[in-house]
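Contents: one structure, followed by commentary.
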Number of protein chains: 2
Amino acid sequence: MPAAEPPGLRRRNTWQRGTILRAIGAASCHLTAEEIHRRVRRRERPIGLATVYRSLETFVREGVVEPAYLGDGRVRYALAVNHHEHLVCLGCGGWESLDACLVPQPPGRTDSGFHVTGHRLTLYGYCARCQRAQA
Amino acid sequence: MPAAEPPGLRRRNTWQRGTILRAIGAASCHLTAEEIHRRVRRRERPIGLATVYRSLETFVREGVVEPAYLGDGRVRYALAVNHHEHLVCLGCGGWESLDACLVPQPPGRTDSGFHVTGHRLTLYGYCARCQRAQA
DNA sequence: CTCGCTGCAAACTTTTTGCAGTCAG
DNA sequence: CTGACTGCAAAAAGTTTGCAGCGAG
C-alpha cells in the first residue's frame with residue numbers, strides 16, 4: 001500500500017526526518033508545513049523550513065503522509081494512517097474533520113493503467129453558523 | 001443546490017464576469033486562474049487578473065464553479081456542471097481526468113449541522129509511465 | 001568514501017489587497 | 001444615486017532552489 005519504491009534513489013534516515021514524522025503523527029489533525037516547522041523547532045536543534053518541505057515531499061511520494069488542500073492557500077499534512085475527510089465551509093472558509101471515510105473502495109488499477117494507492121475527499125457546503133447568518 | 005444566497009450582498013452582472021464564466025464553460029478541463037486570464041485577454045477589452053481572482057471567488061461561493069487542487073501549487077477551476085474527479089500521479093505530478101463521479105451520495109446535512117452542497121475527490125497513485133520507470 | 005540530506009537565504013510563483021474611478025441596478 | 005465591481009500596481013504568502021558543508025550507509 002505504501003506505493004512502490006522510488007526509481008534508483010536510496011533513502012537515508014536522518015534525525016530530522018524522524019522528528020518531522022513524529023510531529024505529524026503526534027498531531028490530532030492535518031498540519032501546515034509552517035505548523036510542523038514550528039513544532040520541530042521547539043527541540044534543542046532547530047530544523048530548517050526547507051528541510052521540512054523537502055521531507056514532506058518525500059513522505060508524500062512514499063505514501064506515508066497525505067496532503068490536504070482545504071482552500072486557504074496552504075497545504076496540510078497528516079499521516080496516511082490517520083486518514084480522514086474534511087468538510088469545508090464556502091461561507092467562512094473554515095473546516096471540520098470527518099472521522100468516517102466515505103470512499104471505501106480499495107485501491108486498484110484504472111483502464112488507463114493508473115495505479116490508485118489512495119484518495120482525498122473534501123466535502124464542501126456551509127457550516128451551521130454561516131447558514132444561520134444567511135437566514 | 002447552488003447554495004443559498006450570500007448574506008446581505010446584491011450581486012451585479014458585469015460583462016467581465018460573463019466573459020470569465022463563458023471561458024470556463026468553454027474549456028474541456030479545469031483551468032488555472034492564469035489560463036482563464038489569458039483566454040479572456042484575447043478579447044478586445046482586457047480583464048485584470050485581480051478581477052479574475054475575485055470573480056472566481058464569488059463563483060465558488062455561489063456553487064457555480066468548482067475548484068480543484070491537484071498538488072502543483074495552483075488552483076484550477078471548472079463549472080460545477082462539468083463535475084469530474086482527478087487521478088494525480090505521485091511520481092511525476094501529472095494528472096488525468098476521470099469521467100465518472102465516484103461519490104454518488106446526494107448533498108445532505110451532517111450531525112454537526114453542516115450543509116453539504118458538493119464534493120471534490122482526488123485519487124492518487126502512480127501513472128502507467130511512472131510504474132514502468134520504477135520496475 | 002560517496003552522494004543524498006541539510007541549512008540559510010535569495011528567488012519565485014501565485015494570490016491578495018489598497019485605492020480611486022466606473023457603472024449596474 | 002449607491003455601493004459593488006474593476007484595474008493597476010504593490011505587497012503578501014507560501015513554496016522552491018542554489019550552493020557549500022555534513023553525515024548516513
Side-chain angles (χ1 to χ4, degrees), chain A residues 5-24 30-62 64-65 67-77 88 90 92-93, chain B residues 5-24 30-62 64-65 67-77 88 90 92-93:
Chain A
E5 277 288 305
L9 302 181
R10 205 161 9 182
R11 192 161 160 278
R12 284 187 188 174
N13 288 316
T14 60
W15 63 270
Q16 286 95 330
R17 297 201 177 183
T19 304
I20 291 171
L21 210 45
R22 249 173 285 123
I24 301 175
H30 281 67
L31 298 175
T32 62
E34 204 206 314
E35 286 168 340
I36 294 169
H37 180 227
R38 205 157 36 211
R39 298 190 183 203
V40 298
R41 270 215 147 203
R42 290 217 193 102
R43 318 272 167 181
E44 45 268 51
R45 280 220 265 168
I47 297 178
L49 179 58
T51 299
V52 173
Y53 274 107
R54 281 184 282 222
S55 299
L56 286 171
E57 189 191 326
T58 303
F59 295 146
V60 170
R61 260 221 180 85
E62 292 172 341
V64 181
V65 164
Y69 307 86
L70 303 182
D72 61 347
R74 69 196 79 178
V75 190
R76 288 161 195 283
Y77 302 85
V88 177
L90 294 172
C92 61
Chain B
E5 276 286 304
L9 303 180
R10 205 155 16 180
R11 190 161 161 277
R12 286 187 184 173
N13 288 315
T14 59
W15 63 269
Q16 286 96 330
R17 298 199 177 184
T19 304
I20 291 171
L21 209 46
R22 249 173 284 125
I24 301 174
H30 280 67
L31 299 176
T32 63
E34 202 206 314
E35 286 168 342
I36 294 169
H37 181 226
R38 205 157 37 213
R39 297 190 184 202
V40 299
R41 270 215 146 204
R42 293 219 191 99
R43 318 274 166 175
E44 47 268 50
R45 277 221 267 169
I47 296 178
L49 179 57
T51 299
V52 172
Y53 274 105
R54 282 185 280 223
S55 299
L56 286 172
E57 189 191 325
T58 303
F59 294 146
V60 170
R61 261 219 180 85
E62 293 173 340
V64 181
V65 163
Y69 308 85
L70 303 182
D72 61 347
R74 69 196 78 176
V75 190
R76 289 162 195 283
Y77 302 86
V88 177
L90 293 173
C92 61

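The figures here come from the full heavy-atom set of this structure, side chains too, leaving out hydrogens, waters and symmetry mates.
We find that CD1 of B:I20 is positioned 10 Å from C1' of D:dT6, with the value rounded to whole Å. In this entry the distance linking CG of B:L56 with C1' of C:dT14 reads 13 Å, nearest Å. Atom-to-atom, OH of B:Y69 to C1' of C:dT13 comes out at 17 Å; the value is rounded to the nearest Å. Atom P of nucleotide D:dG14 and atom NE2 of A:H37 are separated by 14 Å, given to the nearest angstrom. Counting to the nearest Å, the P atom of D:dT15 and the CG atom of B:L70 are 16 Å from each other. Rounded to whole Å, the distance from CZ on B:F59 to P on D:dC5 is 10 Å. A straight line from CD1 of A:I47 to P of C:dA9 spans 17 Å, rounded to a whole angstrom.
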Heavy-atom protein contacts under 4.0 Å, nucleotides 15-25 of chain C, coded B base, S sugar-phosphate only, - none: BBBB----BBS

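The shortest non-hydrogen separation linking A:R17 to A:F59 is O-CZ, 3.7 Å. Nearest approach of A:T51 to A:Q16, heavy atoms of both residues: CG2-CB, 4.4 Å.
Within the 4.5 Å cutoff, no side-chain heavy atoms of A:H30 are placed close to those of A:L70. Residues B:Y69 and A:V75 fail the side-chain proximity criterion, which asks for heavy atoms closer than 4.5 Å. Within the 4.5 Å cutoff, the side chain of B:I36 has no heavy atoms near those of the B:Y53 side chain. Counting heavy atoms from C-beta on, the side chains of B:V88 and B:D72 never come closer than 4.5 Å.
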Go through the steps to decide whether A:L21 and A:V65 satisfy the test side-chain contact (heavy atoms from CB on, under 4.5 Å), and finish with yes or no. CA-CA 9 Å; A:L21 210 45; A:V65 164; 3.9 Å; yes

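Each end of the helix from C:dC1-D:dG25 to C:dG25-D:dC1 gets its own axis, taken as the rotation carrying the C1' atoms of four end pairs onto the next four within a five-pair window, and the two axes meet at 60° to the nearest 10 degrees.
An OP1 or OP2 oxygen of D:dG7 is reached within less than 4.0 angstrom by a side-chain nitrogen or oxygen of B:Q16.
A salt bridge does not link B:R74 with B:E34: none of the charged nitrogens is closer than 4.0 Å to a carboxylate oxygen.
The residue from B:E35, B:R41, B:R39 that alone fulfils the side chain to side chain donor-acceptor pair (under 3.5 Å) condition with B:H37 is B:R41.
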